[in-house]
Protein chains: 2
Amino acid sequence: MGATIDDVAARSGVSTATVSRVLSGSVPARAATRERVLAAARELDYRPSSIARALKRQETRTLGLLVTDITNPFYPQIVRAVEAAAHERGYGIVLANGGDDAARELEHLDLLIERRVDGIVIVSSRMTRRHAERLHRTAVPVVLVNDTVAGSGLPTVTTAHRRGARLAAEHLIQLGHQRIAHIGAPADQAASGQRRQGVRDAMRRAGLGEPLIAIGDGGVAGGAHAAEALIDSDITGIVAYNDLTAIGALRALRRAGIGVPEAVSVVGFDDIDLAAWTDPPLTTIRQPTEALGRWAVEHVADLLAGHDDGLGISPVLLDPEIVVRDSTSARGTV
Amino acid sequence: MGATIDDVAARSGVSTATVSRVLSGSVPARAATRERVLAAARELDYRPSSIARALKRQETRTLGLLVTDITNPFYPQIVRAVEAAAHERGYGIVLANGGDDAARELEHLDLLIERRVDGIVIVSSRMTRRHAERLHRTAVPVVLVNDTVAGSGLPTVTTAHRRGARLAAEHLIQLGHQRIAHIGAPADQAASGQRRQGVRDAMRRAGLGEPLIAIGDGGVAGGAHAAEALIDSDITGIVAYNDLTAIGALRALRRAGIGVPEAVSVVGFDDIDLAAWTDPPLTTIRQPTEALGRWAVEHVADLLAGHDDGLGISPVLLDPEIVVRDSTSARGTV
DNA sequence: TTGAAAGCGCTAACAT
DNA sequence: ATGTTAGCGCTTTCAA
């Protein structure tokens with residue numbers, strides 16, 4: 001099919017070594033030789049095989065991207081970010097969409113390893129110690145995004161969930177809200193504890209006591225349910241676990257005839273694409289997706305380059321920022 | 001680092017050929033040999049290098065997935081579907097996110113080819129004849145999803161956009177609507193013409209004349225704008241180019257105090273995840289994402305297997321289905 | 001500046 | 001049933 005380096009060498013009357021050198025530009029060559037090689041390559045439409053190169057060089061310039069929690073609305077954003085950062089550094093991305101169960105996920109991990117990816121980025125999965133072990137054994141650089149495995153020593157970069165949730169609650173407090181509820185997510189969601197804590201931090205600092213806590217399911221339905229349960233309380237502000245939850249709350253409140261933001265203010269988390277288009281547009285905490293992806297890729301690259309910076313002892317926290325839209329408004333003390 | 005086939009061979013006291021055979025299971029081996037090989041492989045945590053295998057076999061069991069139109073809300077769904085279908089058939093996915101300009105996209109294509117992907121699935125990109133040429137020259141099987149390049153002869157699978165839009169309009173007509181508007185997308189969107197035609201088909205069949213046409217931008221903002229312009233007309237139903245456009249329309253109508261679906265019914269297209277959660281939940285045309293992805297992968301596989309079924313002359317159309325929610329309702333003749 | 005040759009890890013004839 | 005060996009397409013010493 002495609003032309004090989006031998007074809008190019010033959011056509012230009014030099015050795016394959018010379019072709020390789022000219023094409024890589026690593027070693028100077030006589031101008032005349034250069035020209036001939038380049039011409040031959042062009043004429044034959046030669047594309048070096050990265051497979052052969054990988055075998056020789058023992059690196060594929062490829063990163064595995066394992067995304068398990070596909071229900072995560074924030075998934076497309078992070079895939080985008082990682083792909084872009086990788087491409088910039090000359091890495092390709094092999095995508096692995098985690099399945100439903102942990103077993104299938106381990107299988108994916110194996111596949112990535114067999115494909116000899118140079119490193120692996122794992123996003124918000126249900127990583128277990130077993131995964132970590134497997135990873136450790138094969139010595140493939142790995143970085144976790146938005147999740148940690150306790151005691152695995154795996155390097156991690158995550159959004160500062162706690163700080164983000166605090167930001168959300170503080171925004172409400174600054175607007176004069178005093179009775180604030182938090183609609184959380186089940187405990188198995190990596191960030192649920194931290195976000196709840198963030199809301200408490202803000203309340204406590206302001207001397208407002210404890211937030212009212214309701215639990216959703218991380219999705220719209222759960223958010224709506226939880227908000228309904230909150231309707232008879234006298235809260236004026238809600239910090240939702242994420243945007244999906246917030247959208248559910250918006251819906252439930254509308255159904256109940258409670259105006260947002262006049263009667264109750266709502267803050268989300270993530271800033272998914274559609275957050276700008278809810279009704280009213282959602283005030284939310286934007287995760288630093290770009291930075292998360294970039295950091296993950298750069299750190300894998302560093303690890304590959306042998307810069308073992310002793311990281312992984314504690315996760316790197318990246319700051320989110322608040323995006324104020326129309327689902328929150330000032331509220332004097334009642 | 002990792003153990004090689006030589007290590008396993010040495011440890012189990014057989015030749016590498018035997019190891020290869022035992023592991024692949026292609027040829028029967030004596031039970032005792034089998035055991036020893038398997039044991040050695042396990043002990044060494046041996047993972048065959050798919051790189052070396054690819055070089056030998058001249059196939060990587062890898063498909064390239066080029067997604068350019070990243071603004072397409074339908075993007076995550078199709079990535080999911082393609083990945084799943086590929087995985088099922090033992091293919092991995094190399095992801096390439098198209099850039100802004102056509103040049104960057106060509107670069108991506110080259111990269112995929114250098115990576116020696118066995119086939120390429122291209123989703124809804126701004127494919128040009130130049131791309132098609134490049135593809136043709138390298139003889140890599142390609143299938144296009146939801147887009148065609150006129151005269152390129154590239155096999156294509158797409159949603160039956162025209163039929164889908166007709167379904168949408170017919171739904172409205174059955175509900176008693178007579179004055180229907182279509183909010184379309186700019187002409188450069190692959191499906192815009194077909195969807196507009198679909199609406200006209202339905203109107204004409206029902207003897208209702210031409211639909212009122214407004215043009216959005218394929219996004220929420222454009223949908224809102226276009227809907228505003230429609231407010232003073234006397235239409236009672238809107239078929240939007242896609243869900244984003246429909247969401248924009250929903251918003252504009254609410255702002256204007258026009259009830260959906262009491263005063264005006266709205267139908268979207270795509271059935272993105274959030275369509276079920278708009279207010280009111282959106283009646284829409286669901287693209288057969290699963291089938292699209294599966295078909296694309298299977299067709300590439302067929303091509304790879306040498307089944308040149310003379311396809312590609314005309315695109316394969318997959319039927320969408322209507323999902324009726326609450327943004328549409330019956331309406332007697334006024 | 002260029003060439004010859006070894007070798008990356010595997011598979012598949014071809015032998016035995 | 002198993003071993004020997006060539007070779008996939010490249011890069012990289014080592015020589016010249």
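Numbers restart at 1 for each chain; the letters A, B, ... are given by sequence-line order, proteins then strands.
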*Asks:* What's the NZ-P distance between A:K56 and D:dC10, to the nearest Å?
*Replies:* 13 Å
*Asks:* On the side chain of A:R21, is there an atom forming a donor-acceptor pair with the base of C:dG3 - under 3.5 Å, no angle test?
*Replies:* yes
*Asks:* Between A:D110 and B:R47, is the closest basic N to carboxylate O distance under 4.0 Å?
*Replies:* yes
*Asks:* Could you work out which one of C:dA12, D:dT12, C:dC8 sits closest to the side chain of A:L55?
*Replies:* C:dC8
*Asks:* With a 4.0 Å limit, can you tell me whether A:S15 has a side-chain N or O closer than that to the phosphate oxygens OP1/OP2 of C:dG3?
*Replies:* yes
*Asks:* Let me spell it out: for each of B:V22 and B:A52, pick the nucleotide of DNA chain D with the closest heavy atom. Which residue's pick is nearer the 5' end?
*Replies:* B:V22
*Asks:* Tell me: CD of B:E114 to P of D:dG9, nearest whole Å?
*Replies:* 15 Å
*Asks:* Over how many whole Å does the gap from B:L23 atom CG to C:dA12 atom P extend?
*Replies:* 13 Å
*Asks:* Strictly below 4.0 Å: does A:S20 bring a side-chain N or O up to OP1 or OP2 of D:dT11?
*Replies:* yes
*Asks:* Using heavy-atom distances to pick each residue's nearest nucleotide on DNA chain D, tell me which of B:A17 and A:D6 is more 5'.
*Replies:* B:A17
*Asks:* Base, sugar-phosphate, or nothing: which does B:T33 touch, judged by heavy atoms less than 4.0 Å apart?
*Replies:* sugar-phosphate
*Asks:* Rounded to the nearest Å, what distance is computed from the CZ atom of residue B:R57 to the C1' atom of nucleotide D:dG9?
*Replies:* 17 Å
*Asks:* Looking at B:R30, does any N or O in its side chain come under 4.0 Å of the phosphate oxygens OP1/OP2 on D:dT2?
*Replies:* yes
*Asks:* What integer distance in Å separates A:Y46:OH from D:dG9:P?
*Replies:* 10 Å
*Asks:* Counting only side-chain N and O atoms of B:R53, is one of them less than 4.0 Å from OP1 or OP2 of C:dT11?
*Replies:* yes
*Asks:* Can a donor-acceptor pair be found, under 3.5 Å and without considering hydrogens, that links the side chain of B:H299 to the backbone of B:V143?
*Replies:* no
*Asks:* How long is the line joining CD of A:E59 and P of D:dT11, in whole Å?
*Replies:* 11 Å
*Asks:* Take atom CD1 of A:I5 and atom C1' of D:dT11, then tell me their distance rounded to the nearest Å.
*Replies:* 8 Å
*Asks:* Determine the minimum heavy-atom distance between B:G119 and B:V300, stating which atoms define it.
*Replies:* CA-CG1, 3.8 Å
*Asks:* In whole Å, I'd like the distance from the CD1 atom of A:I51 to the P atom of C:dT11.
*Replies:* 14 Å
*Asks:* Would you say A:T18 places a side-chain N or O within less than 4.0 Å of OP1 or OP2 belonging to C:dG3?
*Replies:* yes
*Asks:* Would you tell me if any nitrogen or oxygen in the side chain of B:Q58 comes within less than 4.0 Å of OP1 or OP2 on C:dT11?
*Replies:* no
*Asks:* So which one's nearest nucleotide on DNA chain C is more toward 5', A:R116 or A:T16?
*Replies:* A:T16
*Asks:* Which distance, rounded to the nearest 0.5 Å, do you find between the CD of B:E290 and the CG of B:L318?
*Replies:* 11.5 Å
*Asks:* Using 4.0 Å as the upper bound for N to carboxylate O, is an ion pair formed by B:E133 and B:R137?
*Replies:* no
